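Small disclaimer: the values here were computed from a predicted structure and weren't measured. Protein chains get the first letters and strands the later ones, always in sequence-line order, with residue 1 at the start of each.
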Amino acid sequence: MDLRDTPDEARFRAELRDWLAASLPDGLRGHRGGAARFEGEAVREWSRALYEAGYAGLTWPKEYGGGGCPYSYQAIFLEEMARAEAPHHLGVIGLGMAGPTIIAHGSEAQKARHLSRILSADEIWCQGFSEPGAGSDLSAVRTSARLEADRFVVDGQKVWSSFAHIADWCLLLTRSDPGSERHAGLTYLIVDMRSPGVEVRPLRQMTGEAEFNEIFFSAVEVPVENVLGEVGGGWQVAMTTLLHERGTLGFALTAALEVAVRKLIELAQDRGATATQRDAIAREWIELQGLRFTAYRSLSALMKTGVPGPEGSILKLQWSEANQRLGKLALELLAQDAQLLADNAPYGGYWQHHQLRSRGNTIEAGTSEILRNIVAERVLGLPRSR
Amino acid sequence: MDLRDTPDEARFRAELRDWLAASLPDGLRGHRGGAARFEGEAVREWSRALYEAGYAGLTWPKEYGGGGCPYSYQAIFLEEMARAEAPHHLGVIGLGMAGPTIIAHGSEAQKARHLSRILSADEIWCQGFSEPGAGSDLSAVRTSARLEADRFVVDGQKVWSSFAHIADWCLLLTRSDPGSERHAGLTYLIVDMRSPGVEVRPLRQMTGEAEFNEIFFSAVEVPVENVLGEVGGGWQVAMTTLLHERGTLGFALTAALEVAVRKLIELAQDRGATATQRDAIAREWIELQGLRFTAYRSLSALMKTGVPGPEGSILKLQWSEANQRLGKLALELLAQDAQLLADNAPYGGYWQHHQLRSRGNTIEAGTSEILRNIVAERVLGLPRSR
Amino acid sequence: MDFAFTPEQDELRSQARSFLAAHPEPSWAELAGLGWTGVSVPEELGGAGLGFLEEAVLVEEMGRALTHAPFWSTVAVVLPALPPELQAQVAAGEASWTLALGPLVPDLDTATRIAVVGGDSIWELDGAGREMLQTNDATRPLGVVTGGSAGRRLAGSELLPRMRTRSRAALALEACGVGARALELAVAYAKEREQFGRPIGVYQAISHPLATTYMELELARSLALWAAWCIAVDDPQAGLAAAAAKAQCAEAAVAACERSIQAHGGIGFTWEHVLHRLYKRALWIQSWDASGAQLRSEVAARLLDGEGE
Amino acid sequence: MDFAFTPEQDELRSQARSFLAAHPEPSWAELAGLGWTGVSVPEELGGAGLGFLEEAVLVEEMGRALTHAPFWSTVAVVLPALPPELQAQVAAGEASWTLALGPLVPDLDTATRIAVVGGDSIWELDGAGREMLQTNDATRPLGVVTGGSAGRRLAGSELLPRMRTRSRAALALEACGVGARALELAVAYAKEREQFGRPIGVYQAISHPLATTYMELELARSLALWAAWCIAVDDPQAGLAAAAAKAQCAEAAVAACERSIQAHGGIGFTWEHVLHRLYKRALWIQSWDASGAQLRSEVAARLLDGEGE
């Protein structure tokens, strides 16, 4: 056990920190997240800069243009990016989900076509998983893909798809066997978002911003060579995608929480805090350290065994609740000023946005109810809940 | 709406308060509850004194020796008893459950034999509902009653029966039809606890005291005239018992909580409290007022419509959690002295006992899980949970 | 001991519920026409001569409906400070009021007149500029006043504690309305929305938090009604009851909205759904005047130090 | 970055788990025979020359087993203050220690020797009377010492903060052991106990609180291991980490026991079941030295006022 960076890790961290200090444009620093993270040419240029410096796809194999680094490098990368308050590479879905799934299940042609363009932010991806009738229950997918000669014809609707409004490609889960039920008969397709019949409508959230989209598919033609994995084997491939989503997610979340806790402490120093508020702030700082070191423990297991430790399954859930408590605590510190938005608001409205946005954290990417089921069943071994 | 006593209620309260001041022996004042409430001749004498002063069975019909008073009198009685820290009448089960069930479903002979003796504490009752395999699921009762000529022969085991070790009679739920399942085929029997084949074993709790008992029945003979209600109709009769248990229970609980909150405030004044502890104490005091006025609202509905308001269903659950928080808060105020028991303990160990005993509050008389199901299904109308 | 509304009060509630459901932004004249703005104004001044319990019914319903009107600021806050002829104007629907106590002033977009505190008196503020701010709860916006000067003297400032007590009790009641509606929406959704082949209300992960919400709201409502009754009969516990009620009801309403959003899943997080507006009102109520912690600190001072008795 | 135990440390844990399951009240000589009392004592003094991480493994396992022995007070608290030859006695199983800092002294029934603080030094207390008190946790009883006088000087009192940090980290680790065992008992019971025709673990009202317990305990354990590592390598954050860990682990263990009791229903509330003993140890740990709130107030002072940096 040694919680310090190895000499190689320390060197990587120091270089990255220097590079960030030199390369991150001032306009992008202190990025508050939300819809702003998709927009503007600056974010795309920043993504390209990350790629050119070798920071895109750190853990991807070198043969596909990645860094071939151990997972700890990705963890360090996420920590330092968050500490610098730098926006993420625009290709979050491509780097974290589509790319790894293509590496695991894709054809050589698919690998050649997509992987390097994902790294360089020349291709932006979105995913098409959730449907209006199938939120937590992914196996209830009804978007249909009908095989006609050398192409699938896709009809249906997806929802809660971030990046869809700027995406070039969609990783789409469809039902290719109309008589099938639940996990069988699903096929995973790579869909060109510029195909005729694809329509994207932004979904406005309670923050007033639109970060997610609905995607409507009407008779969209997808060539059979765009099947990812086997026809009818979509469920297994989708599970790979979700596993990759959850791999180093904990680090990204914890690193972002660290920034928010630091800002909360500054807020309390600026405005003063009562004894009960100080107690709550200390509680959140302690919880953050717990999350951070739990992410380290999970990562150590991943690096030793190739499988993330069971501790990792708890990070998203605990983070989401911590992030919600943090936002409410900040509003309490702001008192009546918490009502102010935009220009009048203290700290540019950071906390007002944070607090409302955080209500989505326990819903998106697996609701807390589903995640508790998963912990109960897969980690504790309790019987499947009804 | 008028939260004040009516002139009649005010007179009743004033008389009761004077009577309590004059009649409650010093040795019984400030009674901490727990197993002590069963024991000693003093409690039995006190019960008889309550009876003689007309305070036993206040809401029972006059024809059965009761007071024939409105429910508000019972509420006032419970409040004043708690404020005086007086022990309850020893016949809690008889007064609150057995008596009302006999009044509703009993034969004339049963009424004549039991009712007045319950009031005078000459008969002490216990109930036999829960079984080792049927805790929250009462319909899983397996204690059998086999009809042989003019008597039932009872075999089986009951558990969590308070007062059984001093009881003269048991209100016993049995399965009289061996082929039946769930709510059918149950029969309610009145069992003489001195019958051959009845054995009572005290169950020691985490407090170190034994407040509950196991009751073992082997070939216990019960005459058929001791069936309460119809043979096979035990479930319906049992529901009457439970309804009566929950009728004015809220008042008894709230009144007891009021005493504990008062003691908590005294403790905080004696020992000092931090700002966070003061916040928690205020929260509990506010919660107590919420419970108290919710009990009033439920009572107003009961007096107007004959049915307790739905608000009443929440009192036991909310009270139990409040009582648990209170105990933990007191231990926090006691700091390391919280470890001390018996003679060394501050306040004679009141809080150490209170805190441990309170862990049973969310389990006994309907677990909080079952009570939440009941609120979800019967009050909110949600579908039956699985 | 009677803790139930009269049939007339129940009737007022059902009238209010149906009117407000149809009119989220009623004009002041419409509210006056219904007799609501003068419900507690004496009959000789054109009011109904009723009391705070009837006002309680109305503000609870306005919370539920997220009514955008200066009813709380006029009737719950400023009315007791108004001389008889100004009370008559309120009853007649000719004037509505708000109180500028701090830099942020509520209902400044709709209230026609402004009261301020200066020295030992409460005055009408004349000739002030108004600037509306972009704020979180669009149904109760805040603004700032600029310039202006003290006009007519309305009352002595010894009335302020009573006004604050009424304000807090009314906000507590509004919070009860907000919370109850958020819960109803969640219950309806849980009966109808299916996942894994069953309505989600069968899952205790959904149903138990909603049961908890029901329980918290009922407890909170008992406190709000206690405070309302104390005000109606001028009970000396009114200030304490209103502080307790405001603390508990605001937090219960916020939690009710949060659990309702969670039960709704993604749809509850959208701009189109009413839930976020209920949530923002609940947050408004929580942040206005004094937070739960501040109110509990007042309560603790009374309980532990005997202050304010 | 490596946050995993070595195979040797894992082996020590499995040895400890099986020995302690069989010996809830081991003699000091038995513990010495296993090499545990001298695990961090230098090899030249008869110890194993290992460090706090190995001690961490042992105290976590002793928490789980509710071991009744003065291991925490001797090894986690007093050991660093002992001169070499007294450390050798501990390693050899010839002496065990407790520290009398306040009126209540832990492990006074089993520890053979007593350390006290006086002036700028830590001393051995000679010739004191011992009186055991009736206390809540029978596996770590408290007593009071009477009379006695300062004997040998053990160390300077500047060691006290380090001793307190070790004490807190060790209690945090014990709490992890207690909580983990309470959770395991609840999970096993939820798989086996049937109600309404199904094992109760299928009901989310049972399974979700247990999932929450797992999550809280894992988070808490990460903090305890962080603190242990800081102590092992003499990291300057050790004091802060130990305060954070003690606060979080004690509360997580108390909550784990409470949820486990609840999941067990009536049987979990009985004297015969081990749960109440786990619960009483968790409460002991929570109340000893400083409560969660006191520790958080230390943490807040560092974060907000820059104290102790």
Side-chain angles (χ1 to χ4, degrees), chain A residues 1-6 9 70-72 75-76 261 265 268-269 272-273 275 277-283 285-287 289-301 303-304 309-311 313-315 317-318 321 368-369 371-377 379-386, chain D residues 1-6 9 53 183-184 186-187 190-191 198-204 206-216 218-226 228-230 232-233 235 237 240-241 243-245 247-248 252 292-293 295-306:
Chain A
M1 191 180 293
D2 192 341
L3 301 185
R4 290 166 290 210
D5 290 338
T6 63
E9 288 167 352
Y71 287 106
S72 57
I76 291 167
V261 168
I265 290 170
Q269 286 169 332
Q277 289 163 346
R278 289 168 66 95
D279 183 74
I281 291 166
R283 197 184 281 279
W285 182 86
I286 292 172
E287 182 98 3
Q289 306 313 318
L291 281 165
R292 190 152 73 95
F293 290 108
T294 301
Y296 284 3
R297 284 171 60 209
S298 180
L299 181 72
S300 293
M303 289 172 68
K304 287 208 173 160
E311 312 85 4
S313 60
I314 77 177
L315 290 170
L317 199 152
Q318 297 283 88
E321 295 183 351
S368 293
E369 291 80 7
L371 295 177
R372 279 198 192 86
N373 277 354
I374 290 174
V375 170
E377 292 165 22
V379 182
L380 300 181
L382 288 169
R384 212 175 131 73
S385 74
R386 317 294 189 92
Chain D
M1 218 295 302
D2 172 20
F3 202 169
F5 283 104
T6 62
Q9 289 162 344
L53 286 174
L183 174 61
E184 280 166 28
V187 168
K191 287 179 187 173
R198 293 193 180 122
I200 60 173
V202 305
Y203 301 105
Q204 289 171 329
I206 297 291
S207 66
H208 281 198
L210 297 183
T212 299
T213 302
Y214 171 79
M215 297 191 280
E216 289 178 0
E218 286 300 322
L219 226 71
R221 187 162 186 256
S222 298
L223 288 162
L225 295 178
W226 171 43
W229 177 81
C230 287
V233 303
D235 188 279
Q237 287 210 291
L240 182 60
Q248 200 83 347
L295 294 164
R296 284 190 295 276
S297 136
E298 289 181 24
V299 170
R302 290 238 206 173
L303 299 176
L304 294 164
D305 319 325

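- Of all the listed residues (Ile76(A), Ile281(A), Leu317(A), Asp5(A)), the one sharing the greatest number of non-hydrogen pairs under 4.5 Å with chain D is Leu317(A).
- For the atom pair CE of Met1(A) and CZ of Phe3(D), the computed distance is 5.5 Å after rounding to the nearest 0.5 Å.
- With a 4.5 angstrom heavy-atom cutoff, Leu304(D) touches chain A via backbone and side-chain atoms both.
- Contact tally against chain D (heavy-atom pairs below 4.5 Å) for Arg283(A), Gln318(A), Gln289(A): the top residue is Arg283(A).
- Looking at every heavy atom in both residues, Ala244(D) comes nearest to Trp285(A) through CB-CZ3, 4.4 Å.
- Neither the backbone nor the side chain of Glu377(A) comes within contact range of chain D; no heavy atoms are under 4.5 Å apart.
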Stepwise side-chain contact (heavy atoms from CB on, under 4.5 Å) test for Arg384(A) and Val202(D): CA-CA 6 Å; Arg384(A) 212 175 131 73; Val202(D) 305; over 6 Å; no
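- Looking at Leu240(D), the atoms closer than 4.5 Å to chain A (heavy atoms on both sides) all sit in the side chain, from C-beta outward.
- Judged purely by atom type and a 3.5 angstrom limit, Arg297(A) uses its side chain to pair as donor or acceptor with the backbone of Glu218(D).
- For the atom pair CG (Leu382(A)) and OH (Tyr214(D)), the distance works out to 12.5 Å, reported to the nearest 0.5 Å.
- Under the 30°/60° scheme for interplanar angles, the aromatic rings of Trp226(D) and Phe293(A) are found to lie parallel.
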Between Gln204(D) and Glu369(A), does the side-chain contact (heavy atoms from CB on, under 4.5 Å) criterion hold? Intermediate values first, please. CA-CA 9 Å; Gln204(D) 289 171 329; Glu369(A) 291 80 7; 5.7 Å; no
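- Of the listed residues Asp279(A), Thr6(A), Val375(A), the one with more heavy-atom pairs under 4.5 angstrom with chain D than any other is Asp279(A).
- With values rounded to the nearest 0.5 angstrom, Cys230(D) atom SG is found 7.0 Å from Leu3(A) atom CG.
- Taking chain A as the reference chain and counting heavy-atom pairs below 4.5 Å, the highest number among Thr212(D), Leu219(D), Val187(D) is found for Leu219(D).
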Evaluate side-chain contact (heavy atoms from CB on, under 4.5 Å) for Leu303(D) paired with Gln269(A), printing each intermediate quantity in order. CA-CA 9 Å; Leu303(D) 299 176; Gln269(A) 286 169 332; over 6 Å; no
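- Ranked by heavy-atom pairs under 4.5 Å with chain A, the first of Thr6(D), Leu223(D), Val299(D), Asp235(D) is Leu223(D).
- Using a 4.5 Å heavy-atom cutoff, the side chains of Asp2(A) and Trp229(D) are in contact.
- For the atom pair CE of Met215(D) and CG of Leu315(A), the computed distance is 10.5 Å after rounding to the nearest 0.5 Å.
- Comparing Ala190(D), Gly201(D), Pro199(D), Gly292(D) by heavy-atom pairs within less than 4.5 Å of chain A, the highest count is held by Gly201(D).
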Given side-chain contact (heavy atoms from CB on, under 4.5 Å), test Arg296(D) with Arg278(A) step by step and report yes or no. CA-CA 8 Å; Arg296(D) 284 190 295 276; Arg278(A) 289 168 66 95; over 6 Å; no
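- At a threshold of 4.0 Å, the pair Asp2(D)-Arg4(A) does not count as salt-bridged, since none of the basic side-chain nitrogens sits closer than that to a carboxylate oxygen.
- Contact check for Glu9(A) versus Met1(D): side-chain heavy atoms found under the 4.5 Å cut-off.
- In this structure, the portion of Leu183(D) lying under 4.5 Å from any heavy atom of chain A is its side chain and not its backbone.
- Contact between Ala282(A) and Ala300(D) at its shortest, heavy atoms only, is CB-N, 4.0 Å.
- The heavy-atom pair separating Lys304(A) from Ala4(D) by the smallest distance is NZ-CB, 3.6 Å.
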